[in-house]
2 protein chains.
Amino acid sequence: MTVERSVAADSRTVPEATVARLATYLRVLGALSDRSITTVSSEELAAAAGVNSAKLRKDLSYLGSYGIRGVGYDVRTLTDEIARILGVTVRRAVALIGVGNLGQALAGYDGFASRGFRIAALLDASPTLIGSTVRELVVRDIAELEQVVTEQEIAIAVLAVPASAAQDVCDRVVAAGVTSILNFAPVVLAVPAHVDLRKVDLAAELQILSFHENRKSAAALIAGGMA
Amino acid sequence: MTVERSVAADSRTVPEATVARLATYLRVLGALSDRSITTVSSEELAAAAGVNSAKLRKDLSYLGSYGIRGVGYDVRTLTDEIARILGVTVRRAVALIGVGNLGQALAGYDGFASRGFRIAALLDASPTLIGSTVRELVVRDIAELEQVVTEQEIAIAVLAVPASAAQDVCDRVVAAGVTSILNFAPVVLAVPAHVDLRKVDLAAELQILSFHENRKSAAALIAGGMA
DNA sequence: TAGATTGTTAATCGATTAACAATC
DNA sequence: TAGATTGTTAATCGATTAACAATC
């Protein structure tokens with residue numbers, strides 16, 4: 001019963017929108033710690049994270065009561081708590097699949113290591129790449145996927161493969177036992193319900209900005225026409 | 001009055017959540033077109049885009065009435081309409097600032113070109129990089145930013161600079177007249193209200209997946225404990 | 001105690017979804 | 001006309017926010 005209650009309070013009840021912001025709070029708390037700041041109010045932390053302080057307090061309330069009324073939050077305590085709930089107290093092993101243009105950049109991205117992850121394996125299907133060394137890791141054959149996942153205890157895979165190969169690679173990754181996938185290929189992937197899938201669609205990000213550019217120029221036209 | 005009404009119907013009233021999905025619909029429609037499919041129902045298009053068909057129809061209804069009852073949507077018509085509303089009928093010039101690890105990968109990303117964007121300039125502060133050629137573009141000095149923005153009519157900037165430099169670079173980009181920014185640096189940037197800012201936080205994406213991994217292992221523990 | 005700040009309540013807002021009348 | 005599918009309504013759900021009692 002104790003276990004059940006703690007799990008419910010810890011993670012089952014944290015809204016998705018809150019989870020997404022916890023990562024930002026953790027990063028900002030790290031920056032405060034670097035500046036030797038040990039205590040922070042919700043107002044200050046919210047400002048640094050670019051959110052409303054009511055939202056910040058609501059978000060933190062899902063984790064429990066870690067603040068001190070009249071004082072604020074202890075940076076260290078809150079950092080530990082958020083890291084624990086995000087599961088980044090253990091360094092997680094990540095497999096990066098697709099070692100092309102984008103894949104090589106991701107392999108060398110320092111932010112993964114500093115924020116709780118270890119790129120434990122690089123895989124590709126290209127004979128040209130297999131066996132070569134990228135960022136001190138030997139690129140392995142995608143055919144060895146299942147073995148690599150088991151050996152390295154991989155729970156998260158990052159897909160940086162061409163769109164045409166993505167669903168096939170995704171199926172193989174799922175079959176190998178991976179339950180979380182971050183997809184950079186611009187395709188809608190189908191995964192079983194027990195697998196978590198997130199995507200980063202770079203061109204879509206620009207298209208969303210483009211929409212707002214359009215809106216801004218239309219507004220300017222009207223303002224100009226009316227002047 | 002005509003202009004005012006058309007703008008209101010076109011873009012002012014499209015919800016943010018819808019805008020973000022329009023980019024996906026556009027991509028899926030392109031794939032259908034490649035397969036010579038000329039008509040598609042909301043049910044089919046929704047399935048291909050990974051959303052509920054009611055949501056798809058609601059999203060499209062913000063653009064106007066482009067479907068035919070009893071038949072579906074004409075792929076070409078819908079493609080043109082979404083492209084128009086996203087402002088990608090004109091190819092937009094993008095400046096990429098920061099030509100390091102990630103920046104070089106983004107400079108070579110084909111998906112930008114194929115989905116309405118042209119990387120028109122690469123800029124960096126490093127003397128080692130300035131003057132060198134990356135992807136057939138000469139890397140220019142960030143000091144020349146304002147000139148480049150004017151010459152190339154840049155409306156969108158992509159920031160792939162180190163976290164420590166991001167706010168400074170952002171301020172300069174805004175001062176040069178850029179009104180849309182896509183930020184890859186893991187920092188919260190402050191921009192004036194007239195500037196649109198989106199961010200891609202790669203490590204945060206993994207941390208969100210990590211949270212769910214945690215939840216899954218906790219659930220497995222309970223199931224195991226109760227078995 | 002007085003001042004400050006949290007954690008929570010409740011109202012509001014925006015997004016999702018099922019259901020179905022309109023209509024091709 | 002009969003069948004199919006859109007566009008819209010209305011109910012529901014989840015997220016945001018202001019306000020403030022609780023409490024350090």
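Proteins get letters first, then strands, A, B, ... in listed order; numbering begins at 1 in each.
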> Going from CG on B/L106 to CD1 on B/I97, what distance comes out if it is rounded to the nearest 0.5 angstrom?
Replying inline: 12.5 Å
> Please, which pairs that meet salt bridge (Lys or Arg N to Asp or Glu O under 4.0 Å) have at least one residue in residues 175-188 of chain A, sequence neighbours excluded?
Replying inline: none
> Of all of residues 34-42 of chain B, which get a heavy atom below 4.0 angstrom from DNA chain D, listed by number?
Replying inline: B/S41, B/S42
>> Within this structure, what is the CG-CD1 distance for the pair A/D168 and A/I142, rounded to the nearest 0.5 Å?
In response: 8.5 Å
> Which residue pairs pass the salt bridge (Lys or Arg N to Asp or Glu O under 4.0 Å) test with at least one member in residues 52-65 of chain A, sequence neighbours excluded?
Replying inline: A/R21-A/D59
>> With side chain to side chain contact (heavy atoms under 4.5 Å, CB included) as the criterion, how do A/V28 and A/V40 come out once you've worked through the C-alpha distance, each side chain's angles and the decisive distance to 0.1 Å?
In response: CA-CA 11 Å; A/V28 170; A/V40 67; over 6 Å; no
>> Could you work out, with salt bridge (charged side-chain N to carboxylate O under 4.0 Å, His left out) as the rule, every residue matching A/R198, not counting sequence neighbours?
In response: B/E205
> How would you list, by chain and number, every residue that makes a ring-ring contact (aromatic ring centres under 6.0 Å, His included) with A/F184, sequence neighbours excluded?
Replying inline: none
> Of all residues at least two apart in sequence or in a different chain, which pass the salt bridge (charged side-chain N to carboxylate O under 4.0 Å, His left out) check with B/E44?
Replying inline: none
>> Applying salt bridge (Lys or Arg N to Asp or Glu O under 4.0 Å) as the test, list every pair that has at least one member in residues 178-197 of chain B; sequence neighbours left out.
In response: A/K216-B/D196
> Who are the salt bridge (charged side-chain N to carboxylate O under 4.0 Å, His left out) partners of A/R92, not counting sequence neighbours?
Replying inline: none
> Atom CD of A/E43 to atom P of D/dA19: distance rounded to whole Å?
Replying inline: 13 Å
>> Nearest whole Å is fine: how far is D/dT6 C1' from B/L45 CG?
In response: 13 Å
>> What stems show up for DNA chain C when you take Watson-Crick pairs (N1-N3 plus N6-O4 or O6-N4) and G-U wobbles (N1-O2, O6-N3), both under 3.5 Å, and require three or more consecutive pairs?
In response: C:3-24 with D:3-24
> What string of B, S and - do you get for nucleotides 7-15 of chain C, 5' to 3', if B is base contact, S is sugar-phosphate-only contact and - is no contact with any protein heavy atom under 4.0 Å?
Replying inline: BBB-----S
>> Just to be sure I understand the geometry, which residues of residues 186-193 of chain B put a non-hydrogen atom under 4.0 Å away from DNA chain D?
In response: none
>> If I take atom CD from residue B/E146 and atom CD1 from residue B/I154, how far apart are they, to the nearest 0.5 angstrom?
In response: 13.0 Å
> Among all residues two or more places apart in sequence or in another chain, which pass the salt bridge (charged side-chain N to carboxylate O under 4.0 Å, His left out) test with B/D80?
Replying inline: B/R76
